[in-house]
Engineer: 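Pasting in a structure now, in structure tokens, and then I'll have a few things to ask.
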Number of protein chains: 2
Amino acid sequence: MSSTSRGAKRAIESRGTLAGPPRMADVAALAGVSKMTVSRVLAGTGVAPATRERVQQAIDELGYVADAAAGALSSGRSAFAAVLVPSLASSNFSDTVRGLTAALEPHGLQLLIGDTDYDLEREERLVRSMLRHQPRCIALTGAQHTAATRELLVRSGVPVVEMWDLPASPIDAAVGFSNTKAAREMVRYLCERGYRRIGFIGGASELDRRGLERLKGYQQEMKARGMSERVVRLGESPITMSHGAPALDKLLQQWPDTDAVMCVSDMSAFGAIMQCHRRGLSVPGDIAIAGFGNFEVAACCTPTITTISVDAYGIGAHTGETLLAALAASDGNGAGKPARASLRKRVIEYTVIARESA
Amino acid sequence: MSSTSRGAKRAIESRGTLAGPPRMADVAALAGVSKMTVSRVLAGTGVAPATRERVQQAIDELGYVADAAAGALSSGRSAFAAVLVPSLASSNFSDTVRGLTAALEPHGLQLLIGDTDYDLEREERLVRSMLRHQPRCIALTGAQHTAATRELLVRSGVPVVEMWDLPASPIDAAVGFSNTKAAREMVRYLCERGYRRIGFIGGASELDRRGLERLKGYQQEMKARGMSERVVRLGESPITMSHGAPALDKLLQQWPDTDAVMCVSDMSAFGAIMQCHRRGLSVPGDIAIAGFGNFEVAACCTPTITTISVDAYGIGAHTGETLLAALAASDGNGAGKPARASLRKRVIEYTVIARESA
DNA sequence: TTGAAAGCGCTACCAC
DNA sequence: GTGGTAGCGCTTTCAA
């Protein structure tokens, strides 16, 4: 656009030489109909079969691709749905994104995916950036957000679902489970198996809220049973496989008689188990190790890892359904009731998967 | 918009009662300037400090968020960059996406991320869908696409980079490496270590093109050395951890004297190693096992896995830079030279990481 | 079933 | 440094 003015660009086109991609008007001209008819063909609404055929041919011939920005501007509604996850690298969250995609894509929604990197400030920036595209709905991870993020979200009037947690006061709605309760359940499981000197391995930073919730659950249940805590926190959250080994070493150094370890995730549990192998400790003979999340590695590793299974894909799928319901509700109303009014909390089940390691 | 007409909506607003989110005109009115000045403040161009201050206050007070669709339509350029990867669940590809994000986000580009699920038809649908949003540039994975995809891409005039491979005739440019050569290098490494009866474990389907390239490399090098092939293909590509165990069993059943196994990725290598543990085979004492990709598990597992390290993040980062260069070039030109003209192939280095398993 | 006109919210362009 | 005007490409609305 540096050498051609707006007017000039169209002028060229009207002379038959296309400057840039074809527009709806070009399709209309080629098919001998009005723009409106082309628009109707694209939308799949009331056009005579013969006309539709001609228009479709013109579309194919020109390789026409409708401009979504213009459509969104004109109709007042985009086809975007925004999703924010802490990390795309975690299979847990990528499964959630897959679930969301499966639910929303068939309804013509295009996902705007963002990776917050476990950073609330970055989440705020991403929310602001995504809001510029007028998404129809938003899915966030977790209950923790900056005040500005909440404000932006509330003001946007767009239905919001928070995933992977059950916030006390959600922005609109939530689809998740109590990480604290789930962790308590794992402690209970270990106790039933006869373990009493149970340690916990988790990350050192405050970034991974769900990890902190799990630690809290461990602490609550240990306290309730009058057992003393053995907590090792090490590495930037969320800790990965490679942190498992040093964390196990530190735990055994501080409390050598530990008979079971509960890890904040299967990743660190795996690292810890590998370290046990290196130290010549048998799992669970010498020490039991449990994980969280039921990642693939937990089922493949030797010994297989006892863990808590969470339906990550289901969280995404349910979130998608919840969001769709909200959109349908707001379409039905006289634009008065906001979409979010129809949203509710939805609790996702989790289960302890007993395997070889604990 | 079901009960209020377009005109009515604005009319309400002009009476002071906002129907819907604030617009630029509302900000302008509140700040006592024209829309253009607000637009300039947002763009960060030539506005007197005092004016800027007032406008910013109005923006904050109203919680104004500019509409990207309107901006894109008016300026003729969106702020989108499209990325298509086969799977978000693979840390390899999510690292590539992170690299792309790091390169493009600082330039104000918003990533449109798509997951093709290793499906070329789905890739075509996603490309079509993304093209509707007029992305400034596109990054795809692999060299294989449907004819329609190529046509769509070429017609769009948008710079395209294909990642993770070095296509013979790229659409525009490529950032990747030869998976075939890399695999040959691993065979050579194993030979240097004295292994001769080398097997290969990979997926059964044709979906994972890069996996097939690696198989080809194995076959080429084995043939060149006059060694006979031992190939097990099992499971939907890309095969994961859980396929490693049955594949190893099958390989040893068919060729019991195998002394080394090269796996299509670290995932299957890990599964194979775990199966060796179960069978009481020592790695590499009884059998050597090598992977591909240098995933985290390769460094954490016991024994640590010999593998080929590929800079997945770097592929994304370089792709981002390549794309940015193309955009800058097209901005500089008199809109004549298309952006893609300045694109070239870029070869990414890989190295064999010698670890314990082979 | 089809078309014409108006306008969505913003930015390029040119005046001042 | 600032404002007015004219669209960007599409869909809504209403008339034929």
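Scope of the values below: all heavy atoms of this structure, side chains included, with no hydrogens, waters or symmetry mates. Lettering of chains follows the sequences in order, A, B, ..., and the numbering in each one begins at 1.
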Engineer: Could you check which residues of residues 124-137 of chain B get a heavy atom under 4.0 Å from DNA chain D? Sort them by number, please.
Structural biologist: none
Engineer: Taking NZ, NE, NH1 and NH2 as the nitrogens, is one of them in R125(A) or E121(A) under 4.0 Å from a carboxylate oxygen of the other?
Structural biologist: no
Engineer: Please classify the nucleic acid contact of A66(A) as base, sugar-phosphate, or nothing, using heavy-atom distances under 4.0 Å.
Structural biologist: sugar-phosphate
Engineer: Rounded to the nearest 0.5 Å, how far does NE2 of H318(A) lie from OH of Y313(A)?
Structural biologist: 10.5 Å
Engineer: Pick the nucleotide of DNA chain D nearest each of A69(A) and R77(A); which residue has the one closer to the 5' end?
Structural biologist: A69(A)
Engineer: Ignoring backbone atoms, establish whether Y64(A) has a side-chain N or O less than 4.0 Å from OP1 or OP2 of dC10(D).
Structural biologist: yes
Engineer: Between H133(B) and S78(B), is any pair of side-chain heavy atoms under 4.5 Å apart?
Structural biologist: no
Engineer: Kindly indicate whether the side chain of T141(A), heavy atoms from C-beta on, has any atom under 4.5 Å from the side chain of T96(A).
Structural biologist: no
Engineer: Starting at CZ of R23(B) and ending at C1' of dG9(C), how long is that distance when rounded to a whole Å?
Structural biologist: 7 Å
Engineer: So A68(A), base contact, sugar-phosphate only, or nothing? Heavy-atom distance under 4.0 Å.
Structural biologist: nothing
Engineer: Does any pair with a residue in residues 106-115 of chain B pass side chain to side chain donor-acceptor pair (under 3.5 Å), and if so which ones, sequence neighbours excluded?
Structural biologist: S129(A)-Q110(B)
Engineer: One thing to verify: whether R122(B) and E105(A) come together as a salt bridge, which I'm taking to mean a side-chain N less than 4.0 angstrom from a carboxylate O.
Structural biologist: yes
Engineer: What is the distance, to the nearest angstrom, from the CG atom on D67(B) to the C1' atom on dG9(D)?
Structural biologist: 14 Å
Engineer: So, do T51(B) and R54(B) sit near enough that their side-chain heavy atoms are less than 4.5 Å apart?
Structural biologist: yes
Engineer: Can you find a heavy atom in the side chain of L42(B) that is under 4.5 Å from one in the side chain of Y64(B)?
Structural biologist: yes
Engineer: I'd like a list of close polar pairs between nucleotides 1-3 of chain C and the protein, N/O only, cut-off under 3.5 Å.
Structural biologist:
| residue | atom | partner | partner atom | Å |
| --- | --- | --- | --- | --- |
| dT2(C) | OP1 | T51(A) | OG1 | 2.3 |
| dT2(C) | OP2 | A48(A) | N | 2.8 |
| dG3(C) | OP2 | S34(A) | N | 2.9 |
| dG3(C) | OP2 | S34(A) | OG | 3.0 |
| dG3(C) | OP2 | T37(A) | OG1 | 2.5 |
| dG3(C) | N7 | R40(A) | NH1 | 3.3 |
| dG3(C) | O6 | R40(A) | NH2 | 2.6 |

Engineer: Measure the distance from CE on M24(B) to C1' on dG3(D) and round it to the nearest whole Å.
Structural biologist: 14 Å
Engineer: Report yes if the side chains of L323(B) and T319(B) come closer than 4.5 Å at any heavy-atom pair, otherwise no.
Structural biologist: yes
Engineer: dC8(C), dT11(D), dC10(D): which one has an atom nearest the side-chain heavy atoms of L73(A)?
Structural biologist: dC8(C)
